[in-house]
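In what follows, a structure is listed as structure tokens, so that the remarks can point back to it.
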Amino acid sequence: MNMKKILIIDTKAGNLFSLKAAIERLGFSATILQKPNNEIFDAIVIPGQGRFGTVMKNIRATNWPDYLKKAHQQSKPLLGICVGMQIFFEGSEEDPEVTGLSWFKGKAEALNFPKKPMVGWAKLTSKINSWSNAIVYFVNSYAIKQSEFSIASTTYGESFCAAIKQGSFVGVQFHPEKSSQAGSLLILQVLTARVGESQ
Amino acid sequence: MKIDSTLLTSSLMPRIIVCLDVDKGRVVKGTNFKQLRDMGDPVELALAYEQQGADELVFLDISASNENRPTALKLVTDIATHLSIPFTVGGGLKKLDDVKAFLDAGADKVALNTTAVLQPDIINQTAIAYGSQCVVVAIDVNKTDEDLKFYINGGRKVVEKDFNQWTKEVAERGAGEILLTAMHKDGTGSGFDCELTKKISEQVPVQVIASGGAKNEQHFLDAFNQGADACLAAGMFHSGDYTVGRVKNYLINHGLKVRS
């Protein structure tokens, strides 16, 4: 079997080392690109560091939005992490003047909890067997509170979307690359298009 | 404003953080004779603690010496390559370039202590460049005659600033977490300073990590019940007296929800 080739989009908003290492630990090859090229990849990861506005600006500066849209139409597995998931919504309270990619309705809003950022491990509530009760690592001050595409939630002051899925796109608010074995399993499922719902 | 997080629901679990002191590329432990005992390879020990169930790791003094900078950066990259839980590096980060170098090498967070006091703007600059989640401000506080003073330079130099004010200032400047080490508890084995942890945890809008004094599982239970968001320990784990898993089982048996 050929080694799966994973593309990591360089949003120029933080260190991608841990993410690359986590993907390579699964036995995949990982390539970090600053702009699209003609190479064929099996799956694409949109990383989650930096501010909403910065990530959006860097994504829009290239033709990543079209590239991603096409990949989604081709049912290629896409994994958006943290801000890398939020940018697919309409906007964020973090940078209200910036418009998101607007694939999904809704905005990232500030978490309603006195201590921010939310830092640490929390359990997921999900109807998907392998996601239900998984304990994963969160680092965020903003989140999508509700979405019709939510597949997992957790609570920090109030419930918010821990993960969404629409077609081949899966967005996670947590950091699977920092979530030990539990996170590795979820990355593997997403990148191999094996996120199955039991109901 | 007093922060009473207990009124709000949160799925966050109390964290157990293991601290490893690094010198010349090895994990070391100070002894009574101020000699350093070699404890092993940092990557191997880090993975062993991840296996035990540690939620995070902190590597201290990894970056202390300038001559060893390339070695230290390579070590951080090695750790990031193998470890799949978050880790912080601290000790000897003197300027923003140092902070950048270690974050770019793969560290998830930096712990700033002396540098934060001498150049407080570095907290703001790091938070702006990398986000608050990357900035842990470490505060070494000592209680003498009911008076609280905090120290820099590894506990050797007292700071002429108000301790309570400093905890608030670092949060305002963009620290994502405060690592609060009670020097009067360090090495005593009498448990964390729960009263102090509770007080600071209620007065700053960021998470507080309790450190100093842990010797057994009861100490963790006490600190978490008093409002510590996370607890850090070194000796009781390095000595082999306890595994992180054993402490977590104890916490679970006493009704706490921790990652297991």
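The figures here come from the full heavy-atom set of this structure, side chains too, leaving out hydrogens, waters and symmetry mates. Letters A, B, ... mirror the listed sequences (proteins, then strands); counts begin at 1.
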Ion pair B:K198/B:D193, N-O distance below 4.0 Å:
no
Check whether B:Q133 gets within reach of chain A through its side chain, its backbone, both or neither, counting any heavy atom under 4.5 Å.
both
Region of A:Y137 that comes under 4.5 Å of a non-hydrogen atom in chain B
side chain
Between A:N112, A:T154, A:I135, A:V139, the one whose heavy-atom pairs under 4.5 Å with chain B are most numerous
A:I135
Decide, yes or no, whether a salt bridge links A:D66 with A:K70 under the criterion of side-chain N to carboxylate O below 4.0 Å.
no
Using heavy-atom distances under 4.5 Å, tell me whether A:Q49 contacts chain B through its side chain, its backbone, both, or neither.
neither
Using atom types as modelled and distance alone, determine if a side-chain donor or acceptor of B:S211 lies under 3.5 Å from a backbone N or O of B:T181.
no
With a 4.5 angstrom heavy-atom cut-off, is it the side chain or the backbone of B:I85 that approaches chain A, or both, or neither?
both
Treating A:W64 as the side-chain partner and A:N58 as the backbone partner, does any N or O pair qualify as donor plus acceptor under 3.5 Å?
no
Measuring from atom CZ of A:F41 to atom NZ of A:K4, what distance do you get when rounded to the nearest 0.5 angstrom?
13.5 Å
Under 4.0 Å between a Lys/Arg side-chain N and an Asp/Glu carboxylate O for A:D95 and A:R51?
yes
Is chain A contacted by the side chain of B:R259, its backbone, both, or neither, given a heavy-atom distance below 4.5 Å?
both
Check each atom of A:V119 against the heavy atoms of chain B and say whether the ones under 4.5 Å are side chain, backbone, both or neither.
both
Of the listed A:S18, A:A21, A:G183, A:P117, the one with the largest count of heavy-atom pairs under 4.5 Å with chain B is A:P117
Proximal component of B:A107, with respect to chain A [non-hydrogen, under 4.5 Å]:
backbone
Mind running salt bridge (Lys or Arg N to Asp or Glu O under 4.0 Å) on B:K109 and B:E56 for me, showing each step along the way?
CA-CA 11 Å; B:K109 314 176 192 184; B:E56 283 187 53; 2.9 Å; yes
Can you tell whether the side chains of B:K168 and B:E172 come within less than 4.0 Å, N to carboxylate O?
no
Give the member of B:G106, B:A105, B:G131, B:P86 that has the highest number of heavy-atom pairs under 4.5 Å with chain A.
B:P86
So which part of A:S180 gets closer than 4.5 Å to some heavy atom of chain B, the side chain, the backbone, both or neither?
both
Top residue by heavy-atom pair count (under 4.5 Å) with chain A, among B:D55, B:T77, B:L83?
B:D55
